[in-house]
Amino acid sequence: MQDEQQHQHNYGHEPPQGYASSEPEFLADFISVPNLTLPPHILNTTSEVIYPTLIQHFFSKAADFKFLNNQTVKKLPNLRGRTVVNLFFEKSTRTRVSFEVAAKRLDADVINFSISKSGASKHESIFDTISTLDAMGVDLYCIRHPHAGAVEQIAQRTSAHVINAGDGHNGHPTQALLDAYTISEHITSLQKSNSITDISKFKGLRVSIIGNIATSRVAKSNIKLLSALGCNITIFGPNTLLPRYTAHGVKVARTVASALEGANVVMMLRVQIEQQYGKGSMSIPSAEEYNRFYGLNSRNLHMLGDNTIILHPGSVNRSLEMDDDAIAHTKSRIFDQVSNGVALRMAIMDYLLNETKQKKTATK
Amino acid sequence: MRTLLTNAKIVTPDEIIDGSILMDNGHIISIMAGNNPQADARNTYDCHGSTIVPGLIDMHVHFRDPGQAHKEDIETGAKAAVAGGVTTACCMANTNPVNDNAAITSYIFRKGQDTGLIDLYPIGAVTTGLKGHSLAEMGLMIDAGAVAFSDDGKSVDSSLMMRKAMEYAKGFNTTIISHNEDTNLRNNGACHEGANSHKLGIPGIPSETEEIMIIRNILLAKLTKCHLHIAHVSTATGLELIKWAKEQNINITCEVTPHHLHLTDESIKGYDTNYKVNPPLRESHDVDYLRQSLRNGLIDVIATDHSPHHFDEKNTNFNSAPFGIIGLQTMVPLLLDLVRENYITMHDFVRLTSSKPAKILGLSDRGELKEGMRADIAVINTDHKYTYDTKLNRSKSTNSPFIGKKMRGIVTHTFKNGELVYELNN
């Protein structure tokens with residue numbers, strides 16, 4: 001494992017054109033995609049799907065929708081007459097509600113479809129289920145599935161638009177986008193001159209992601225998106241939960257202290273108790289040990305810089321990955337992430353259903 | 001207290017010096033050639049030509065404390081240790097309750113310090129209760145004094161569990177010590193499976209029982225890059241596998257016990273349960289290969305696997321008796337036999353019993369005789385001939401096949417931090 005290096009903090013004073021030439025290989029890929037082919041789906045955070053102008057568009061729209069969400073009457077007719085299906089093959093409350101609220105704020109007809117109660121238990125192929133729903137005239141699916149790639153497979157077979165709401169250990173693009181938006185909001189609040197849509201601010205930001213990196217779709221999507229935006233990513237966690245292979249440029253910290261010191265953003269990940277901790281756990285010995293060595297707690301909160309923010313994708317295990325002190329801390333942006341999640345998802349839905357000019361052609 | 005040992009053969013890293021060694025404040029102040037150095041020592045011991053080596057570091061003992069004080073406790077274990085020249089020992093986690101948490105680790109460490117005889121470093125359990133199902137709190141145990149982790153006495157049967165354990169341990173830069181035994185293959189075996197087990201009618205333990213797990217653990221060390229220390233290797237093929245792994249630069253070390261260097265399965269005569277040990281005593285070609293591998297560095301460490309059992313527990317039929325041999329006080333004479341037979345030099349002796357274990361455990365203040373090092377010292381009369389008997393034995397238990405056997409070479413004085421902690425009464 002490498003130790004981290006010191007970084008010059010750069011809150012985005014460099015002009016956006018700095019993107020073009022001297023960037024790492026990955027970023028070159030990232031901008032080489034012609035902006036003409038608009039993606040009909042949001043499946044992951046790789047360069048083919050999410051590119052700078054699209055991120056700027058999402059951020060701009062999300063800021064508008066966030067303003068709307070703070071009004072007494074929170075409704076716009078952008079998706080009136082459109083049908084949005086929340087297709088969840090895996091238990092979820094927070095994410096499903098976020099998608100549902102987002103669609104309803106834009107006046108779509110929303111159907112929540114929990115698949116374990118339907119076709120799957122009748123041994124119907126999920127692709128047949130999709131064809132059936134397609135025939136009813138669905139415009140957009142927001143899909144969560146326990147297996148990597150399943151959402152992409154569905155997207156290849158439907159005539160509707162698809163948003164990946166989390167597929168196995170693979171990706172959770174809307175989470176990464178809302179995290180990036182929350183970071184952007186924070187930097188903008190520090191520098192009044194900086195606009196929410198100026199993505200050059202990400203360049204040189206140090207983001208430390210702590211916890212289960214190996215099987216976290218949140219970590220995976222965030223690492224892709226944020227490193228493409230120019231952030232320096234450091235990961236840390238129990239070695240049992242770190243990936244065997246790390247993306248180019250991602251640093252691995254040895255201790256929680258070295259992960260926290262100098263970080264602009266500390267992203268704590270949720271310990272999946274049901275999988276990783278408790279009786280029969282092979283990855284984490286105990287809550288006490290996890291909190292002591294890998295958690296954000298009263299012993300190490302003071303290591304955070306003055307302008308550092310704390311993120312967490314949601315449903316925190318108190319006293320496991322974060323102590324009460326950390327959750328309630330002024331640096332915590334956990335609840336901003338939730339509000340931003342709704343606004344950002346509204347922006348994505350609005351974009352897919354109103355901005356994509358080409359009609360998607362299913363590759364059957 | 002300033003203490004001077006004179007008239008000794010001092011095994012330093014570079015040479016054997018005929019001279020004196022001066023200790024003060026727990027450390028070695030100087031090593032001087034010649035027998036009448038000018039030093040204002042409060043205590044002077046004439047060693048009468050005895051050999052001085054660094055206090056031995058035994059990486060593998062069972063002190064049965066807490067929970068099985070009828071076999072041994074930390075006090076008696078420490079007394080047996082210093083009587084064998086051992087000043088640093090690491091005790092395995094299979095106590096009762098198991099050392100799988102910081103409270104037990106801390107109890108063992110402090111009780112070791114309280115003896116004032118040795119440094120006792122606990123080895124924590126890899127899995128809770130040695131059950132092989134879930135990770136033990138390694139980080140918290142390290143904070144409480146644990147220096148390595150092992151489910152010794154049992155293998156970690158699940159390869160996934162062992163992988164996770166090695167990955168987790170790697171995060172703390174610590175060592176996993178593996179007990180290598182395919183539990184299913186061992187079945188109800190009680191001694192090495194060979195012509196002799198057939199002759200005796202005792203269920204056998206094939207060499208492969210050990211070798212399968214050695215190579216599994218080696219491959220997991222390759223996968224995880226965790227440092228793996230392979231405990232008590234007993235077979236030639238096992239060492240061949242270790243040789244291969246070292247050639248591949250896989251991060252492993254290994255140890256061998258003195259009894260596996262001296263006894264074969266043919267020693268088991270009359271169903272004497274003091275010969276029942278795990279891994280079992282193997283065949284003569286294994287012993288030969290082990291002996292040949294001492295000098296070329298393939299074997300990193302000699303450790304006793306001191307495993308006391310009460311007389312009543314061993315006083316039963318061979319199949320029912322527990323596995324284990326005590327070894328703290330027989331390590332020095334048994335290794336001196338190998339020096340005399342030219343398998344090893346005194347420098348190899350020191351490397352195998354002190355300097356390499358110190359390196360593996362990260363104890364940079366000991367393991368060699370040189371200025372500034374901790375004054376942990378064993379004085380050995382290498383030629384003294386005697387019978388090892390229960391009068392000499394300091395352990396609570398007597399389960400050694402060497403009891404009543406003629407020995408040559410004995411520890412006469414042991415110093416811990418410059419203080420005399422053992423003197424042979426004669």
Side-chain angles (χ1 to χ4, degrees), chain A residues 1-4 208-216 234-246 250-260 269 271-297 299-300 319-321, chain B residues 93 97-106 124-146 149-151 155-176 219-228 251:
Chain A
M1 284 188 278
Q2 313 159 256
D3 252 326
E4 307 81 346
S208 288
I209 308 179
I210 301 176
N212 168 23
I213 313 292
T215 64
S216 166
T234 300
I235 58 174
F236 178 66
N239 229 24
T240 43
L241 300 179
L242 293 182
R244 211 174 148 201
Y245 304 100
T246 49
V250 173
K251 295 183 185 69
V252 182
R254 283 171 185 276
T255 62
V256 73
S258 61
L260 296 182
L269 297 177
V271 174
Q272 287 160 298
I273 294 186
E274 60 282 6
Q275 289 170 27
Q276 288 149 352
Y277 158 66
K279 214 173 175 197
S281 163
M282 292 188 175
S283 296
I284 299 171
S286 68
E288 188 188 351
E289 171 138 335
Y290 190 89
N291 186 263
R292 165 79 178 73
F293 294 101
Y294 310 100
L296 198 53
N297 52 44
R299 298 166 70 118
N300 55 35
S319 308
L320 191 49
E321 66 263 14
Chain B
V98 170
N99 180 22
D100 62 5
N101 63 77
I104 304 290
T105 306
S106 181
V126 171
T127 65
T128 52
L130 308 178
K131 291 196 174 92
H133 299 313
S134 46
L135 268 187
E137 294 169 320
M138 290 189 200
L140 295 171
M141 284 191 273
I142 288 171
D143 281 359
F149 295 89
S150 180
D151 274 2
S155 274
V156 177
D157 288 338
S158 154
S159 301
L160 175 61
M161 184 71 252
M162 193 58 155
R163 176 198 179 162
K164 291 286 184 185
M166 286 194 193
E167 281 177 344
Y168 197 76
K170 171 76 184 165
F172 288 95
N173 230 350
T174 188
T175 297
I176 294 283
L219 292 173
L220 290 175
K222 176 167 169 272
L223 173 67
T224 61
K225 299 183 175 64
C226 176
H227 174 232
L228 170 71
N251 190 8

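Because only heavy atoms are used, hydrogens play no part in the values below, and waters and symmetry mates are left out as well, while side chains stay in. In what follows, chains are A, B, ... by sequence order, proteins preceding strands, each numbered from 1.
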Residues B:Leu140, A:Glu288; criterion side-chain contact (heavy atoms from CB on, under 4.5 Å); working and verdict: CA-CA 9 Å; B:Leu140 295 171; A:Glu288 188 188 351; 3.9 Å; yes

Step-by-step side-chain contact (heavy atoms from CB on, under 4.5 Å) determination, A:Thr240 to B:Arg163: CA-CA 9 Å; A:Thr240 43; B:Arg163 176 198 179 162; over 6 Å; no

Evaluation steps, side-chain contact (heavy atoms from CB on, under 4.5 Å), between A:Thr255 and B:Phe172: CA-CA 9 Å; A:Thr255 62; B:Phe172 288 95; over 6 Å; no

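If you take CE on A:Met282 and OG1 on B:Thr127, they are separated by 9.5 Å, rounding to the nearest 0.5 Å. A distance of 9.5 Å separates NZ of B:Lys164 from CD1 of A:Ile284, quoted to the nearest 0.5 Å. In this structure, CG on B:Asn173 lies 6.0 Å from CZ on A:Arg254, to the nearest 0.5 angstrom. Between atom CG of residue B:Asp100 and atom OG of residue A:Ser286 there is a gap of 10.5 Å, rounded to the nearest 0.5 Å.
In this structure, the side chain of B:Glu137 does not engage the main chain of A:Glu289 through any donor-acceptor pair within 3.5 Å. Although no hydrogens or angles enter the test, the distance criterion places no donor-acceptor pair under 3.5 Å between the side chain of A:Asn239 and the main chain of B:Tyr168.
At a 4.5 Å heavy-atom cutoff, the contact between A:Tyr294 and chain B is made by side-chain atoms alone. For B:Thr128, no part lies under 4.5 angstrom from a heavy atom of chain A.
The side-chain heavy atoms of B:Asp143 and A:Phe293, taken from C-beta on, include a pair separated by under 4.5 Å. Here the side chains of B:Leu223 and A:Arg244 are in contact, with some heavy-atom distance below 4.5 Å.
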